[in-house]
Amino acid sequence: MTSLPFAAAQPQAGIPAARHAERLARARALAAEQGLDALLVGVGADLRYLAGYDALALERLTLLVVPVAGRPTLLAPRLEAAATAVAPAIASGEVHLETWEETDDPLLRVRDLLGDRAGRLAVSDRLAAHFLLGLQALMPDASWSLASAVVGRLRIVKDADEVALLERAAHAADQVIHEVVNGRLVGRTEADVAREIRDRLIAWGHDRADFAIVGSGPNSASPHHAASDRVIRPGEPIVLDIGGPMRGYGSDITRTVWVTGGDPTHGPDRGFLRLYGVLRGAQAEATHAVRPGVAAERIDLVARELISAAGYGQHFIHRTGHGIGLEEHEPPYIVAGNVEPIRPGMAFSVEPGIYLEGRYGARIEDIVVCAEDGPMVLNEASRDLLVVTG
Ligand code: ZN
Ligand code: ZN
Ligand code: ZN
């Protein structure tokens, strides 16, 4: 790795500690509006969002209990106390920390914490079934719903700090694409290129590399193809779809590159150029359709109509995009049937693709934030078909 990581040159921006107090207050207000008594938030993105705690998913219970009236409490195993204490909402005292011992039954502690507030309870979507079933057995009179009706409503609109983190992650992923397509590709296996991508994502500041799709030749026609032992040859396209979290917020970019191996007779054929031109136009128009008030499904329709009009409708086999934030895939989903109006601060991918099974395919993906006056595209890597020597 020769280049200097972009992340190292930047101040360590993040989510200000005070933001968690605001989020907790808003979550409680929204929960009260919905007639809930408490939120029970297990390990996952909701917990990180509300308390700033990026907890390990263990067999031991870690649970944030947020009563509508009263102070939130994080119940955590004693051995996690040190890790927990540095979480912003714990360090600031906004959330009270209670630890349980190895011989305690943490579910009983939850029931005790709730007391007579064990009425209408909302649990985070990712709370493991064994915890939920245990809690339900202990509180048979309580009613249960999903806390995403509350926390999801907050998380779907990103604040300026979150957008800044998404943008930094996007730029880091842009750099990795740039480096990989300008390096050697022909003669290497997809798996080898995927390993390089993962290393570079981390070198550019990612917490980890969650995916590195390298689909070459016929594999480019399989949207979620995992990198295989197939050797990349001259005269074929490669779909690169890469990303992972950086300071918790995800990157996700797809670019399609054509490798010639240095032989001009191995350039893209006319069929591929046509396919790519249609896709490029559809991705641009769908991005252009992003503005406050537009239904999520409308953005999908814009891409789909252009691709269908060119005769590739049956080869665009997935939704146009997904929200992104603390999770790689989260609401809003850019898909037919989702009439939710897009609002300023929503962040999602715009990623149409055309796949000719057994032959080849292409996809272009950017992360787009809806701004007050239209789309703000976070990725900067060129969307033109990249024809490289490879
Ligand atoms: Zn995907
Ligand atoms: Zn992707
Ligand atoms: Zn995506």
Side-chain angles (χ1 to χ4, degrees), residues 45 155-156 158 162-163 165-178 180-181 190 193-194 196-198 200-201 204 206-216 219-227 237-246 248-257 276 279-280 282-284 286-287 290 296-297 299-300 303-304 307 316-336 338 342 346-355 361-370 375-383 386:
R155 280 179 49 198
I156 200 169
K158 273 66 184 177
E162 292 180 289
V163 171
L165 288 169
L166 284 168
E167 189 168 22
R168 286 182 56 187
H171 289 172
D174 285 345
Q175 292 298 330
V176 175
I177 288 284
H178 177 79
V180 169
V181 302
E190 294 172 347
V193 174
E196 179 191 341
I197 289 169
R198 289 175 187 277
R200 289 189 185 275
L201 282 168
W204 282 92
H206 277 70
D207 308 331
R208 56 174 197 273
D210 273 351
F211 51 94
I213 294 173
V214 179
S216 66
N219 292 339
S220 61
S222 168
H224 275 174
H225 170 75
I238 311 173
V239 170
L240 303 167
D241 185 351
I242 70 171
M246 187 159 142
Y249 284 79
S251 68
D252 188 0
I253 179 173
T254 307
R255 289 295 183 265
T256 301
V257 52
Y276 194 88
L279 180 66
R280 175 88 173 79
Q283 203 267 350
T287 301
V290 173
E297 67 174 3
I299 299 164
D300 178 81
R304 208 161 295 279
I307 289 171
F316 176 18
I317 52 178
H318 55 71
R319 65 191 175 206
T320 292
H322 55 83
I324 189 166
L326 285 170
E327 291 177 287
E328 287 287 347
H329 287 187
E330 61 180 44
Y333 292 101
I334 309 302
V335 64
N338 185 7
I342 296 297
M346 286 185 176
F348 46 87
S349 67
V350 176
E351 52 174 313
I354 300 174
Y355 312 97
R363 181 166 66 258
I364 305 171
E365 173 178 27
D366 288 316
I367 300 305
V368 178
V369 175
C370 180
M376 173 180 158
V377 182
L378 301 188
N379 294 101
E380 292 173 342
S382 170
R383 281 155 218 99
L386 303 162

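The residues of the chain are indexed from 1 along the displayed sequence. For ligands, and for the atoms within them, numbers begin at 1 and follow the listed sequence. Quick caveat: nothing in here was measured; it's all calculated off a predicted structure.
- Backbone or side-chain N, O or S atoms of Glu351 reach the Zn ion (ligand 3) at under 2.8 Å.
- In terms of modelled atom types and a separation under 3.5 Å, the side chain of Arg363 and the main chain of Thr254 share no donor-acceptor contact.
- In Asp241, the N, O or S atom that comes nearest to the Zn ion (ligand 2) is OD1.
- Between the side chains of Glu351 and His322, at least one donor N or O lies within less than 3.5 Å of an accepting N or O.
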Q: Begin with the C-alpha distance, continue with both residues' side-chain angles, and end with the deciding distance and a verdict on salt bridge (charged side-chain N to carboxylate O under 4.0 Å, His left out) for Glu330 and Lys158.
A: CA-CA 12 Å; Glu330 61 180 44; Lys158 273 66 184 177; 2.6 Å; yes
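- Judged by the 6.0 Å distance and 45° axis criteria, Arg168 is not positioned over the aromatic ring of Tyr249.
- Distances from the Zn ion (ligand 3) show that Glu328 has no N/O/S atom below 2.8 Å.
- Taking backbone and side chain together, His322 holds an N, O or S atom under 2.8 Å from the Zn ion (ligand 3).
- At distances below 3.5 Å, at least one donor-acceptor pair connects side-chain atoms of Glu190 with backbone N or O atoms of Ser216.
- Looking only at its N/O/S atoms, Glu365 has OE2 as the one nearest to the Zn ion (ligand 3).
- Closest N/O/S atom of Asp252 to the Zn ion (ligand 3): OD2.
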